[in-house]
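Below is one structure, written out as structure tokens; the observations come after it.
Below, all heavy atoms of this structure are taken into account, side chains as well, without hydrogens, waters or symmetry copies.
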Amino acid sequence: MAKTEKSFARNFTGCLTCVQVLNIMVLLGFMLNYALRVNLTIAIVEMIYDEKDNQTMAAAANLTTHMNVTEHPGHIEQTRYHWDTKQKNHLLGCFFWGYVLTELPGGRLAEIIGARRVFGYSTLLASILTLLSPGAAAAGFGWIVALRVVLGFLLGATWPAILPMASKWIPPMDRSKFMSNMMASSLGAAITMPICGFLIAHFGWESAFYFTGIIGVMWSVAWFAVVYDSPAQHPRITETERNYLLKALPQDNNTKGHIPVPWRAMLLSPPVWAIIITHGASVFGYFTVVNQLPSYIESILHFNIKHNGLLSSLPYLGKYLCALASSVLADSLRRSGRLSTTAARKLFTGFAVGLPGIMMVVQAYFGHDRVWSIAIFTLALTINGAVTAGYLGNGLDIAPNFSGTIFGMANTLSSFGGWLSTYMVGELTKVHNTYEQWQIVFYILAGTYVLGALCFVTLGSGELQPWNSPKSPAADEKREVQPLNEEKA
């Protein structure tokens, strides 16, 4: 089995280095991560029975089951369900119930047993559940809700799991660029929407789940065949690449025990809280803009953005391109010695989180205009992509041994951002859905963004923290000679 796997890896990646293969698989993995998440958002439009499509509302009232088969002009015959608006929102939101539970455990588990298994098995099981989604919906509303909760539970572990792998595979001066792969999730959403829309129109809503589920299983097989937790474990890696990585990234090959998390030192560390607070502020702003943008443009600007697929995809595409460009620039500036790691992280975080805050103030004054609104929202999300060169991978700088745990703590807090932003907008606009009420939303977003940027600029650091190796004084001395966040070219 090992021989076959090794042979497959060689055939599949013959002309690429193992680091390049890892970059490609992580990029595709995060694209898939969002594809498995947003497929329901697209499919649910056709899953729910629309009374307007029936000949009379009276006929619908006589239905005794929770579903029926309908056929519409230009559409294929397919099953639809009698779920009301409350059930629809319930189904769309239940993903985060499971998602928030595994952020911290997922990061820590990856530090202990390796990201290969955590990221790989989580995605594989999530893909299988996706294939079972049509059957769960047919079984009843409770079944599809339960499935989405478990799906969130599995995918929640994937995000923090990738940082421990980066600490063993990616040289310090390339880490910003590697972190930009996480922003491929936005690219995945932008690509999944039109593809699934096409499939649904021609083959029914079930095809959205089958397509993304099959792609997920295929990716998982490839992941286990070509990705390993460290250069020392990889069966295909050349001696040249292995020696280079082991020299650039001194790794503890002792697997007798794992370093316990220094919770007290970590929770009292200002750089850790800088990451947590800034991440929470940034994601809160992102969720508010992405989730509420269609509603705002429809209700205030009286323009339905859902009919413009290109416009809907622009923020996602822009965010990924900005993430990639800023990461390459940050790594270049650090490698050349023009900026220290600390200076680079603060500069790009201030740009990526602070500037959108200023733009929200502009939105409060010019948001009544359709063109200005769309331009400001798109630009704000695009600029926010530069977080990959800022705080997003900062845990790798300050404590690579616990980078998964730190990211898990930050993402746990930020996961509440989606719910909190929806609640905030709902409370502010439920009585008077006016531009004046939305101005309050924009000012809150501005304050949140600016607070996050100031927090990181004040408390953030790019220096390796002494508690990163609390049980190895000798290792600490060695790291002082060649620190993981070394600034040399």
Side-chain angles (χ1 to χ4, degrees), residues 28-29 31-51 53-54 60 63-72 75-102 119-158 188-189 191-224:
L28 294 175
M31 288 179 66
L32 175 64
N33 190 283
Y34 254 50
L36 295 174
R37 186 185 307 195
V38 304
N39 50 17
L40 177 66
T41 307
I42 307 160
I44 201 168
V45 176
E46 293 295 318
M47 291 174 71
I48 296 179
Y49 175 75
D50 186 353
E51 291 181 341
D53 292 329
N54 204 14
L63 292 168
T64 57
T65 63
H66 75 291
M67 63 181 179
N68 71 293
V69 177
T70 60
E71 186 174 2
H72 311 286
H75 293 270
I76 66 167
E77 186 178 282
Q78 57 185 323
T79 301
R80 296 195 178 213
Y81 301 95
H82 293 279
W83 299 335
D84 57 30
T85 302
K86 184 177 179 181
Q87 286 176 305
K88 174 184 174 182
N89 292 329
H90 189 64
L91 181 56
L92 288 172
C94 67
F95 173 91
F96 289 97
W97 301 350
Y99 190 79
V100 73
L101 297 177
T102 50
F119 198 94
Y121 283 122
S122 293
T123 305
L124 175 61
L125 293 174
S127 301
I128 293 171
L129 283 180
T130 298
L131 291 171
L132 297 176
S133 295
F141 183 74
W143 285 100
I144 187 65
V145 167
L147 185 145
R148 292 293 294 186
V149 172
V150 177
L151 188 75
F153 186 88
L154 291 169
L155 293 181
T158 57
I191 293 174
T192 300
M193 288 177 183
I195 291 178
C196 286
F198 174 83
L199 290 173
I200 290 169
H202 290 80
F203 305 104
W205 59 262
E206 294 92 344
S207 62
F209 296 104
Y210 294 142
F211 171 74
T212 52
I214 290 171
I215 294 295
V217 171
M218 292 171 61
W219 176 91
S220 301
V221 172
W223 171 267
F224 284 113

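- Of the possible donor and acceptor atoms, none in the side chain of Trp223 sits under 3.5 Å from a partner among the backbone N and O of Tyr121.
- Shown here are the side chain to side chain contact (heavy atoms under 4.5 Å, CB included) partners of Leu91, two or more places apart in sequence or in another chain: Leu40, Ile44, Trp83, Cys94, Phe141, Ile144, Val145, Arg148.
- Residue Ser122 holds its OG atom at 11.5 Å from CG of Leu36, rounded to the nearest 0.5 Å.
- For Thr102, there are no side-chain hydrogen bond (donor to acceptor under 3.5 Å, both in side chains) partners, not counting sequence neighbours.
- Side chains of Tyr81 and Gln87 form no contact here, defined as non-hydrogen atoms less than 4.5 Å apart.
- Rounded to the nearest 0.5 Å, atoms CG (Leu155) and CG (Asn33) are 5.0 Å apart.
- Looking at residues two or more places apart in sequence or on another chain, you find a side chain to side chain contact (heavy atoms under 4.5 Å, CB included) between Leu199 and Ile195, Phe203, Ser207, Phe211.
- When each of Tyr99, Trp97, Phe96 is tested with Val149 by the rule side-chain contact (heavy atoms from CB on, under 4.5 Å), just one qualifies, namely Trp97.
- Note: Thr123 OG1 to Leu28 CG = 11.5 Å, rounded to the nearest 0.5 Å.
- A 4.5 Å side-chain heavy-atom check between Leu131 and Tyr210 finds at least one atom pair inside the cut-off.
- Between the CG atom of Leu124 and the CH2 atom of Trp219 there is a distance of 9.5 Å, given to the nearest 0.5 Å.
- Minimum interatomic distance between Leu154 and Ala126 (heavy atoms only, all atoms of both residues): CD1-N, 3.6 Å.
- Of the inter-residue distances, the one linking Trp205 atom CH2 with Cys196 atom SG reads 13.0 Å to the nearest 0.5 angstrom.
- Between Leu151 and Thr130, the closest side-chain pair of non-hydrogen atoms falls below 4.5 Å.
- Remark: the backbone N or O of Leu129 is paired with a side-chain donor or acceptor of Ser133 at under 3.5 angstrom.
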